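Data block below; observations after.
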Amino acid sequence: MSDATTAAPAQAGGTPQVSHISEAVIRIAGNSQDGIQAIGGFLARLAGRSEQEVMTFMTIPSTISGGPSIFQVRIGSGEVLSAGDEADVLLCFYQHSYENHLGSLKKGGIVLYDSDHVKEIKPENETKYRHIGLPISSLVVEAIGGTGRDKGKNVYALGLIAKMFNLDVPKLHRLLSERFAGKDPKVAETAIAAFNGGYSHTLAAASELFKFKPGENVGHNQIVMGGNEALAYGLIAAGVRFGAGYPITPWSDIMELLRKELPKYGGSFIQCEDEIASVAMAIGASWGGRVAVTGSSGPGISLKTEAIGWAVMAEVPLVVVDVQRGGPSTGMPTNVEQSDFNIACFGGHGDSPRVVIAPSSVEDCFYTAIEAVNIARKYSTPVIILTDQGIASRIEAFKMPELEKICQDITPDFTPVADHKPYDLAAADGITRHLAPGTRVASGKYPIVTGLEHDELGHPTGSPKLHVQMTAKRRNKLKKLGADLPTPTVFGPPEGQVLLVSWGSSKGPVEEAVKQARAAGDAVSALHIKYLNPLPNGLEKIFEAFTHVLVVELNDEGFYGYGQLGAVLRARYCDPKIRGLTKVDGLTWKIREILDRVKAMTK
C-alpha cells in the first residue's frame, strides 16, 4: 500500500493504528458461486463515488457449473493505470484460494481468510505475511441466520474490508440497496445485516487499519461502469436505435444492455437465430437509413465475415463490435487475448477494406462507440470496434460525459433530391452516401444495392474497367480517412532507447511500465495506436527516434516472432528494429512482466 507504514504495534488499549494510504490493491479469491465479483464491484463503485481512481481485473471459469475465481481491485487517490501487479490484501475463502493466490501478495501483505475452510498454513508463510483468520462462514450464520453460510458471506466479507479500510458505510449501504432494488425488500435488509455483521466484527488480529487519502478528483462528477456498459451506452448516445446479435461471451453483456435500453429511446435489439442472421439484419437496418450495430467475439466474427464483405462492396455503414477472447475455435471464452487483429483488419475474401478501432479504457469505450458510428456514416463503410475481455469486464471511474453536448440524432433525412448516384466515381476521395429508402429522386433513377460489382447506380456489371475503378473508390476513401487521422502522441520523451508500442487494453500497463522505467533512469517511452486500420500517418518519424521499437500485444509471436500488429508495422515501414513483445497466457499484462521482457530484449 503506497504511503502505508509496515506492520505497526497496536496503540494502548488494543486499538489498531490507522495509517493513511494513497492506494491499495485488494485481491478476492474464492469460487464464482460465492459472489466474488459482487464484492469487487461494490468496492470499485464506492471508489468512483468517493472521487478516487479505480481499475479492476477478474477471472471467471468458462464452465456453467462455476469454479475458482478472483476479482482484483486497485483503488488510488491519484492516477491508476493498471489493476496492479501484487496485492496488498488477499481475501480468500478456501484452502485452494489461499494456496493458489498467496504468491500474488506483496511481502508483508495481509491475508484475511475464512478459517472455517483454510486450515493449513505453513510456518514460513506466517512470518512472510500478516495473517488474519476469522470463521467467516460461521459468523455469517450468526449475523443473518442459517442460510447465510451460502448466500451472505461475500457481503459479510465486504463489511470486514470496509472496516479494515475505514470505507464510507452509508455509501455502501446505498450501493447494496441499489443492487437489490426491485426484489423483496427483505433481500436488501438481509444483505445490509450481513454487511453490518462484518463491519462490526472486531479485527483483533489486525495491528493496523487503513484510510485512503482524499482523491485528486474532488469536485468531479464521476460515473463507474464496466467496458461493455460504456460501449453500449456510447452506441445509444451516438444515435444507434437498432441492433441484432447472438449470445456469446464476452459480447453478451452489450447485447443484453442494448436489448433493455434501446426500447426506452424508441429502438430495439433483436436476438437472432445465429451470427449470420444478426449481421445481415443489422446491414439491412443500416441500409434503411440509420447506422445499426451487431457484435460478437472471435468465433462469431468468423461467421459474420462474408456479410461484412457484402457491406464493404455495397458501401453500407455498419458498426461491428468484436470483444476478443482467447482462441482459436471455442478457445478460452473468459480470458483476454488480442488475437483477432488479423481477422478484424483482413478477414474476408477479395479486397475488402474496412475501419478498425481499438479502445484502450472503459472511458474510451464510450467515446469510441460514438466515433465509430460517425466514421461509418461519413465513409459508408463497416467499422469494427476491436475491444477485448480485459476492458469488457473491468470497472473504472471516469468523468461524467456532457451528454447534452454529445448525444446526437441520426434520424434519416428524406429530403427529395434531383438525382443520386450512391457509387459516384466523380465524388471527392471516393466518399459517397446512400439515400434512405423512400427518399424521392426527381430523375426517377433509383439506385439498387447488391453484393455484385456494380456501376454508379448499383446495377451489376462484369466490366473490368468498372471493377478497377470501384475497387480504387473503396480503397481511396479509407486512405483519405487515414490521412486525416491524428498522429498519436508519444508518452514520455520523443526520443530514447526503447519505444513500447501498445494497442487496446495494454495501454495502461505499458504507460505504468514506462513511468517505473524512467524513474529507474531508463530511456523508455510509449506510443499507443488506437486506429489500427488504416494506420495514422507519421509513425515512421516517431520510430526513427528510438533504438528499439517493441510492440506489446496479447497474441502469439507467430512464425516470425512479431505478433499481429508488429508484423503489419514491420511490413508497412520495413524497419527491422520493430519487434514483438507478446504473450498468450489469457491474463492482462503485469508491469514487471513488461519491464523484465524489455530488459531481456535490449541487452
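Computed from a predicted structure; not experimentally measured.
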Salt-bridge test for Arg290 and Asp409: reply yes if a basic N is under 4.0 Å from a carboxylate O, no otherwise. yes

Give a yes or no on whether Trp287 atom CH2 has more than 12 heavy-atom contacts from other residues, nucleotides or ligands under 6.0 Å away. no

Would you say Thr56's side chain and Ile395's backbone share a donor-acceptor pair under 3.5 angstrom? yes

Check this for me: does any side-chain nitrogen of one of Arg74 and Glu23 sit under 4.0 Å from a carboxylate oxygen of the other? yes

Backbone N or O of Ala397 within a donor-acceptor pair of the Glu53 side chain at under 3.5 Å? no

Of all the heavy-atom pairs spanning Ser506 and Gln338, show the shortest one and how long it is. OG-OE1, 3.6 Å

With under 30° as parallel and over 60° as perpendicular, where do the rings of Phe269 and Trp251 fit, or are they tilted in between? tilted

Quick one: does any side-chain atom of Asp424 pair with a main-chain N or O of Ala426 as donor and acceptor, under 3.5 Å? yes

Quick check: are there more than 12 heavy atoms from other residues, nucleotides or ligands sitting under 6.0 Å from OH of Tyr246? no

For the pair Arg394 and Glu363, find out whether any cationic side-chain nitrogen is under 4.0 Å from an anionic carboxylate oxygen. no

Using a distance-only test with no angle check, is there a side-chain donor-acceptor pair under 3.5 angstrom linking Ser278 and Lys304? yes

Do you know the tightest heavy-atom contact between Val25 and Ala83? CG1-O, 3.7 Å

Give a yes or no answer on whether the side chain of Ser329 reaches the backbone of Gly331 with a donor-acceptor pair at less than 3.5 Å. no

Would the distance check show the side chain of Arg354 and the main-chain N or O of Ala344 forming a donor-acceptor pair, the cut-off being under 3.5 Å? yes

Any salt bridge between Lys530 and Glu371, counting N to O under 4.0 Å? yes

Okay, side chain of Asp388, backbone of Gly390: is any donor-acceptor separation there less than 3.5 Å? yes

Side-chain heavy atoms of Thr59 within contact of Thr334, under 4.5 Å: no

Run Leu485 and Leu535 through side-chain contact (heavy atoms from CB on, under 4.5 Å) and show every step you take. CA-CA 8 Å; Leu485 291 174; Leu535 290 167; over 6 Å; no

Considering only NZ, NE, NH1 and NH2 on the basic side and carboxylate oxygens on the acidic side, decide whether Lys480 and Asp484 come within less than 4.0 Å. yes

Flag, side chain of Gln516 to backbone of Ala513, donor-acceptor distance under 3.5 Å: no

Minimal heavy-atom distance between Cys365 and Ile391, with the atoms involved, is SG-CG2, 3.4 Å

Taking atom types as modelled, is there a side-chain donor on Thr547 or Lys577 under 3.5 Å from an acceptor on the other? no

pair Val279-Leu318: side-chain heavy atoms closer than 4.5 Å: yes

Between the OG1 atom in Thr461 and the NZ atom in Lys465, the distance rounded to the nearest 0.5 Å is 11.5 Å

Under a 4.0 Å N-O cut-off, is there an ion pair linking Lys590 with Glu593? no

Minimum side-chain heavy-atom gap Asp322-Ile385 below 4.5 Å: no

With the side chain counted from C-beta on, respond yes when Phe341 and Val568 share a heavy-atom pair under 4.5 Å apart, and no when they do not. yes

What closest approach, in Å, do Ile343 and Ser302 show between heavy atoms, and which atom pair accounts for it? CD1-OG, 3.6 Å

Exam field: side chain Glu396 to backbone Gly226, donor-acceptor pair closer than 3.5 Å: no

Quick check for you: to the nearest 0.5 Å, what is the distance between Asp413 atom CG and Arg433 atom CZ? 9.0 Å

Does a donor on one side chain sit under 3.5 Å from an acceptor on the other, for Glu512 and Ser82? yes

Compare all side-chain heavy atoms of Leu500 with those of Leu527 and state whether any distance is below 4.5 angstrom. no

Given side-chain contact (heavy atoms from CB on, under 4.5 Å), test Ser502 with Glu553 step by step and report yes or no. CA-CA 6 Å; Ser502 65; Glu553 47 187 329; over 6 Å; no

Show your reasoning for whether side-chain hydrogen bond (donor to acceptor under 3.5 Å, both in side chains) applies to His548 and Thr602. CA-CA 7 Å; His548 303 278; Thr602 57; 5.3 Å; no

Begin with the C-alpha distance, continue with both residues' side-chain angles, and end with the deciding distance and a verdict on side-chain hydrogen bond (donor to acceptor under 3.5 Å, both in side chains) for Lys477 and Ser380. CA-CA 9 Å; Lys477 65 181 182 180; Ser380 297; 5.3 Å; no

Roughly how far, to the nearest 0.5 Å, is CG of Leu235 from CD of Glu261? 12.5 Å

What's the separation between atom CG in Leu257 and atom CD in Glu229, rounded to the nearest 0.5 Å? 6.5 Å

If I take atom CG from residue Asn555 and atom OG1 from residue Thr582, how far apart are they, to the nearest 0.5 angstrom? 6.5 Å

Is there a donor-acceptor contact under 3.5 Å from the side chain of Gln324 to the main chain of Gln389? no

Tightest non-hydrogen contact, residues Val54 and Ala47, listed as CB-CB, 3.9 Å

For Gln408 and Asn374, test the side chains for any donor-to-acceptor distance below 3.5 angstrom and give the result as yes or no. yes

Note: Glu86-Arg592 ion pair, threshold 4.0 Å (strictly below): no

So Val336 and Trp589, do their side chains get closer than 4.5 Å, heavy atoms only? no

Which of Val510, Ile578, Leu569, Ile542 passes side chain to side chain contact (heavy atoms under 4.5 Å, CB included) with Val501? It is Leu569

Strictly distance-based, threshold 3.5 Å: is any side-chain N or O of Asp575 a donor or acceptor partner for the main-chain N or O of Arg570? no

May I ask you to decide if the ring planes of Phe398 and Phe366 are parallel, tilted or perpendicular, using 30° and 60° as cut-offs? tilted

Hey, are the side chains of Thr432 and Glu315 touching, using non-hydrogen atoms and a 4.5 Å cut-off? yes

At their closest point, which heavy atom of Asn537 faces which heavy atom of Ala483, and how far apart are they? ND2-CA, 3.4 Å

A quick test of your reading: do over 12 heavy atoms of other residues, nucleotides or ligands sit less than 6.0 Å from CD of Gln469? yes

Please determine if Asp351 and Arg475 form a salt bridge, counting it only when a charged side-chain N lies under 4.0 Å from a carboxylate O. no

salt_bridge(Glu453, Lys473) N-O dist < 4.0 Å: no

Answer yes or no: are there more than 12 heavy-atom neighbours, outside Gln497 itself, under 6.0 Å from its atom CD? yes

N-O pairing of Glu557 and Lys583 below 4.0 Å: no

Taking C-beta and beyond as the side chain, do Trp503 and Leu532 meet within less than 4.5 Å on heavy atoms? yes

In Å and rounded to the nearest 0.5 Å, what is the CZ to CG distance from Arg572 to Leu539? 8.0 Å

One pair to check against side-chain contact (heavy atoms from CB on, under 4.5 Å): Leu258 and Val293. What are the steps and the verdict? CA-CA 10 Å; Leu258 290 174; Val293 64; 4.1 Å; yes

So, His454 versus Tyr423, ring centres under 6.0 angstrom or not? yes

